[in-house]
Every structure is written in C-alpha cells, then in structure tokens.
Enquirer: 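Pasting a structure here, questions to come.
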2 protein chains.
Amino acid sequence: MSASDALEKCPPQDSVGLVSPEVYVFQQPLPLASGHQLDQWQLMVETYGELNADASNAVLICHALSGHHHAAGYHHADDPKPGWWDAYIGPGKPIDTNHFFVVALNNLGGCHGSTGPASINPETGQPYASDFPVLTVRDWVDSQALLADRLGIQQWAAVVGGSLGGMQVLEWSLRHPERLRHAVVIASTPKLSAQNIAFNEVARQAIMSDPNFCDGRYQQAGVIPRHGLGLARMIGHITYLSEHSMGEKFGRDLRTDKLNFGFDVEFQVESYLRYQGETFSERFDANTYLLMTKALDYFDPAAECDGNLAAALAPAQCRFLVISFSTDWRFSPKRSEELVNALTAARKSVSYARIRSPHGHDAFLIPDQRYEAVFSAYMQRVAKETR
Amino acid sequence: MSASDALEKCPPQDSVGLVSPEVYVFQQPLPLASGHQLDQWQLMVETYGELNADASNAVLICHALSGHHHAAGYHHADDPKPGWWDAYIGPGKPIDTNHFFVVALNNLGGCHGSTGPASINPETGQPYASDFPVLTVRDWVDSQALLADRLGIQQWAAVVGGSLGGMQVLEWSLRHPERLRHAVVIASTPKLSAQNIAFNEVARQAIMSDPNFCDGRYQQAGVIPRHGLGLARMIGHITYLSEHSMGEKFGRDLRTDKLNFGFDVEFQVESYLRYQGETFSERFDANTYLLMTKALDYFDPAAECDGNLAAALAPAQCRFLVISFSTDWRFSPKRSEELVNALTAARKSVSYARIRSPHGHDAFLIPDQRYEAVFSAYMQRVAKETR
C-alpha cells in the first residue's frame, strides 16, 4: 500500500482533509504605498473550519517569502504533501479548526494564483512582468482587509504569521488596530538588518544578472532565469538553516567515497543546495521573488517615528504573542526581543517565548513539542474568548 | 599636498618602504595531492628585512583566499595603498622587520604572478584555464618548502597566516614539522563546516553559471565572467563582516532621501556590495577563485585520523599561537578553540587569545590594539630566540 493509498483510505485524523482554493476577484482600486494602484486584482484563498454566526472566530494566516494560500490539508487524494503549515493548522492543532475559521491567501505579487507579475496587465494584454508595481507589507495588509470585508469578517480573532508573515501581523496591528484581537508574530523582526538586506541584494543581483532575466520580460521571451533564481534560493537556504543543523544534516560527508578534485558535486551539502535551487526555479517566479525581498527590505514601522519603535506601536490595540527560536540567525531572538521590549515600553499586552530549537529560521515550520505547547496554549485562550 | 606626495617625501617610519616582487622559477616537478603534477612553475615573491647569517630569522606569511605576495610596503612612490598586511608587518610592528626576514608569496593557482589558470600551459601553448589542476593546502605548503630551499631557509622562525593562511600554517606544522619553530594561526579553523562549504558552493555556482564563464575558457573567448565573480565576492563580503559591523557601517541608510520602489541601488549596503563585486571582478581571476574555495573545502587534517584532530596533530614539533575574534562568524572562536583543545590534548605548546573585536572575520586584517599587543608580545619572544 503506497502512502497515497493510505491517504485515500485513511486521511490523518488531525488533518483538515481535502481542500480547494478559491479565487476572489476585486474590481475596486487598491492604492499602493509606491503611488501606483491596482484597478482590478484577485487573491487565491483557502479556508479551513467554519465561520461562526457572529464571525468572531476567524484567523488570518500570513505567509513568508515563498509561501502561498495552501497552508493546510491536501488538494487531492494522491497529494503527496499537505499545505506548508499543516503541522500547526488542523483539528486539535495549535490553530484548531474545530474552533477557528482559518483564512490563508497567496499575497498580491505572488505566483500561485493571486495577481502578480506573471498575470496579464489589462492595460496591455501582456504579462505585467517588470511593470508590476513594487509592493510593501502595508499594501498586502490593505488587500487582506478588503478580503476580510468580502468574507464578512469585521475583526480577526487573530492574525498569525512567521518571518515575512510576522511583519504583516505587526502591520495589521498598526494599520487596522480595531480589526484584530490577537497578533501572533513568529520568527520575525520589526525591521531587516544591513546583513539581511545584503543577503536579499545578492539574491536579487543573481536573478537580475542572469541573461535569461531579460529585464524581467523572460515570460514573453519564453525563457526562465533558472540559474539566477536557483542561486537566490541557495543563498536563502543557507540563512534558513542553523550552522548546527546544517552540520548535523550534512557535516563534511562526501557524495562518493573520495575527493574528485574537480567542480562537480562533491559534498552532500552541495548536492542538497543544487537540488533546492533547481526545484525552486521550476516552481517559483523570479519577478515575485524580487518583489518579496523588496517588501522585506522596506518594512520598518519605526521609521515613521524617527526610529522609535515603541512610539510607532502606540496605535496597536490587540494582544501579542511573540515567538523566537534559539538558533535562528536570520531573525535571531534578539530581533524578536527588540519588538517585545518596545511593546512593553508602549504598555501593550505581550507574551514572549524563546524556543530552544536546533533548526534555525526554519524552526517556525517544523513540528516541535515546546513550540506547539506555547502556541496551542495561547490559541486556546483566544478560542475561549470566542465561544 | 596629496597623499602620494606625502608618501614620496615622507614614507611612514614604520613602513618597509618601497618593495619589488621577484619571480622564482622552478624547473623541478611538483607532485600534487590530486595525482597531477606541475613540471615547471613559478612563484611571485616579496621579502622584507634581512636574512641573518644562520638564516634563523625567517618568517613566512601565508595568504588567504584573495591575497597575494604584496603583504607590506609600497610598489612605487605614488602607490595609494600599501600591501594587504602592512598594519602587522614592518619596523616595530608585530612582525618586526628590524628582527625578521619576512617572505610573502602568491600561492600557486593564484592570479598575481605565480603559475595559475591564467598562465600558459607549456604543453598546449594556451592558458591552462580549466585544465589547471585543483590544488590543496598541502600542495601549497610543498611549493613553499621548495621556495624555502631556494632561499636557503632550512627552518622558519615562524609561519604565520590568517583564515585560509592559517590552514597553511597548520599544514606546515604537520607536513614539515622540523622546518618551523612557531606556528601562528589566526582567524582560522581546522576544517570548514557544512555552512562554510555551502557558501563556497554558492559562490562557485555563481561563477560557473555565468554564460561568460565558457567552461573556464573565458580568457580564450575574450570575455570575463564578471557577474558571477562579482556575486561570489558579494557573498564572501557578507561573511567577512560581522552583522554588528555591517549594521554600524550601513544600518538601513538609504542612498537617496527616499525609497524609490524599484530595483536600483537603494540602501547604502547595496551600493557597497555592488561596488565590492564590480571592482573585484576587474582584478581577480575566476578560475583562481574556484581553486581557492576548493582548497578551503578540502582542508581537514583530522580526516586521515578518523576525525581525531589531536591524533592528527601528533607530528607537530613547533609552538603555536592561535588567535580568534569574538564577532567572526565565518570561522568563529569555537573553531579556533577546537584546534586549541586538540593541541592541548596532543600535549603541544599553545597560546590562545580570543580578541574582542566588532569587525568579524576581517578583524585579522584590521589594526586593533589588543590584537597587536598579543601578536607583538609573542613575536618578540620568537625574535629573542633568534638573536
């Protein structure tokens, strides 16, 4: 019996089961931070669980750099893998679909069904490509607010996200403070450091210097900037894993039993990275990658208050849960603690957990007992409020 | 009065002054770890100070990834910059040329005058390019030993190097234990971690996927894999600086006074990295870069003793000074301490200093009072032995 047979006959009891994405089309203009606006646009959305009568049990999931709307469950009976946060969304899981109505979407600018650079620009009849406007976290939050309107959700029980998703959560608390009761910010930061921006810039340069990038119009040219996008992903992967977990996973293991004194794959870690780069460049859009890294770079709510984060957090009305992971060096615990300290200084309600984990930044996606315990306990309190 | 006028009229008193490199041609075959051999080869060399009568005061400087023979002094009166380690080599400096005869060379495979991929292969009359054999740290040390023979140096007072240079120092102590009295290993490691190899692999992929790389025969094709080499350098630079120093140097400062919502240079750190990448690709050879990263990856003296570093260190007869820097995350203090602990376990004489510095891996090149004090004190003891 194969794994897919197993799924068909016996879906995991704690899974949301089979799910289908849905497209929401918006004909209303969306003004963007850049000064541009999108006149018509669409979002690809998945929901899990049932919205209750007073629409008080809705939880929004915000995704990270390469994420999308498919956060939990399976798309068909043979689906080999569930959604990207299936470990944390489902019946009895931290985001418990027995209690919550969960909304996950592909962000604008994405490449999984929401309007993005690969979509047709109605003004030209051609893909937007490099004409697609640069987006900010604020733009995403505004589009998510219009989605909430459409779904009849006036106030989220919680907005939840990791990494770039955590930035959207924080922006929600400031931009639409009356529209969420809880903000769960995981493995995130109130702003990128110079080193974070530097890694993003190298990734962008790798993509843009690929001759197949064609100034962003690779789709029209019928090519893919595969090497550049692969390099960008390889760089990203190094920053997602801890030095320790990379060492544990690969060490200095060779792929064959001796050195080949050449430039083919030699160490296991090289093989892993090349594979990550190659598969990513087949399933992700280069222009979307550029947009996502820019949104990361730009996010800095304190900038509007001369760098005073506590002052910038003044509008927030919700309660916060902040979670960091000990070996995350992309957004280290210090960065989460910067946020926690500013929230405290701004007299906001905040719970904070620093989880000991060997998995680096990726820890926010990986099953872990202590992380689950903290996350579940908090969400159970949120659920109690909505009963 | 310009800086160069100043130099012409008044060279710094603690400088070795004007220096000239010299080519040493070797007609004797050099067998390599890969099984290949170089039948005739040359090294580009600089020396500072005077060799004493019994040739007991010679110090060998081993360079790091992008280093070369020009370690100290100036090449001409208008030279805007001295050699790469001028802060530490000169009269009254830690490697005091009033006492020591200092030898610096460009390693084999380099692109600064020693035989390397850009040199003419006598068998074909064409540049070696990708036919140049992959080299190891051991091969370098063997070539340096032949240089020592030529210079009449039977035993070095000290062999000294930082980063990849430190690996050569360690290899000297094991490969030719009777030929050095002191080994100074700075900001180095007894082997690369999986993360270190991963960064090297991304750099190599960036170079090799540049269409101008032409399978390594770019010289014959009249092109340069500029973008790939630039990316490799950008990645390297991120790992040479500490997150803190990058933050101090650039923060989130913008190049102009507002966001441009595009993909041109926007943050100062982007501008810095692009500049570093561009200038490097004009002065460095891509095939050499590939070779140097491979030598780094391969170095692992403990491998021959089933990973037991203390056992591998058994042959060493010299005394060791090991120096690390607190914010170096490329080769963190832990990696130096791994070496120190193994040396101690192997009952070798070792002094160790962990220097508090904000400068990351680059700290080994940068003037710093405590580092200078430790380094000078040790080298003065070495000098006393040779009087």
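Quantities reported herein were computed from a predicted structural model and do not represent experimental measurements. Letters A, B, ... are given to chains in the order of the sequence lines, protein chains preceding strands, and every chain is numbered from 1.
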Enquirer: With rounding to the nearest 0.5 Å, note down the distance linking CG in Leu259(A) to CG in Asp300(B).
Expert: 9.5 Å
Enquirer: By a 4.5 Å heavy-atom criterion (distance strictly below it), what part of Arg226(A) contacts chain B: side chain, backbone, both, or neither?
Expert: neither
Enquirer: Is a salt bridge present between Glu243(A) and Arg335(B), judged by a nitrogen-to-oxygen distance below 4.0 Å?
Expert: yes
Enquirer: Is it the side chain or the backbone of Asp210(B) that comes within 4.5 Å of chain A heavy atoms, both, or neither?
Expert: neither
Enquirer: CG/Asp264(B) to CE/Met208(A) distance, rounded to the nearest 0.5 angstrom?
Expert: 8.0 Å
Enquirer: Could you point out which residue of Leu135(B), Val134(B), Leu32(B) forms a side-chain contact (heavy atoms from CB on, under 4.5 Å) with Phe261(A)?
Expert: Val134(B)
Enquirer: With a 4.5 angstrom heavy-atom cut-off, could you sort out which part of Ser130(B) is near chain A: side chain, backbone, both or neither?
Expert: neither
Enquirer: Tell me, out of Lys249(A), Met246(A), Glu270(A), who's got the most heavy-atom pairs with chain B below 4.5 Å.
Expert: Glu270(A)
Enquirer: For Ala33(A), which atoms come within 4.5 Å of any heavy atom of chain B: side chain, backbone, both, or neither?
Expert: both
Enquirer: State, yes or no, whether a side-chain contact exists between Glu266(B) and Asp297(A) at a heavy-atom distance under 4.5 Å.
Expert: no
Enquirer: How many angstroms lie between CD1 in Ile238(A) and OG1 in Thr239(B), if you round to the nearest 0.5 Å?
Expert: 10.0 Å
Enquirer: Would you say NE2 of His361(A) has more than 12 non-hydrogen atoms from neighbouring residues, nucleotides or ligands within 6.0 angstrom?
Expert: yes
Enquirer: For chain B, which residues of residues 200-207 of chain A have at least one non-hydrogen atom nearer than 4.5 Å to it?
Expert: Glu201(A), Val202(A), Arg204(A), Gln205(A), Ala206(A)
Enquirer: At a heavy-atom separation under 4.5 Å, does Lys191(A) approach chain B through its side chain, its backbone, both, or neither?
Expert: both
Enquirer: How would you list, by chain and number, every residue that makes a side-chain hydrogen bond (donor to acceptor under 3.5 Å, both in side chains) with Ser336(A), sequence neighbours excluded?
Expert: none
Enquirer: For residues Trp329(A) and Gln195(B), report the shortest heavy-atom separation together with the two atoms involved.
Expert: CZ2-NE2, 3.4 Å
Enquirer: Is the number of heavy atoms from other residues, nucleotides or ligands within 6.0 Å of CD (Glu304(B)) greater than 12?
Expert: no
Enquirer: Do you know which of Tyr298(A), Phe267(A), Phe250(A) has the most heavy-atom pairs under 4.5 Å to chain B?
Expert: Tyr298(A)
Enquirer: Working to the nearest 0.5 angstrom, can you tell me the gap between Ile197(A) CD1 and Gln268(B) CD?
Expert: 11.0 Å
Enquirer: With a 4.5 angstrom heavy-atom cut-off, which part of Tyr272(A) approaches chain B: side chain, backbone, both or neither?
Expert: neither
Enquirer: Examine whether an atom of Leu273(B) lies under 4.5 Å from a heavy atom of chain A, and if so say whether it belongs to the side chain, the backbone or both; otherwise answer neither.
Expert: side chain
Enquirer: Which atom pair, heavy atoms only, marks the closest approach of Gly251(A) to Ala194(B)?
Expert: O-CB, 3.4 Å
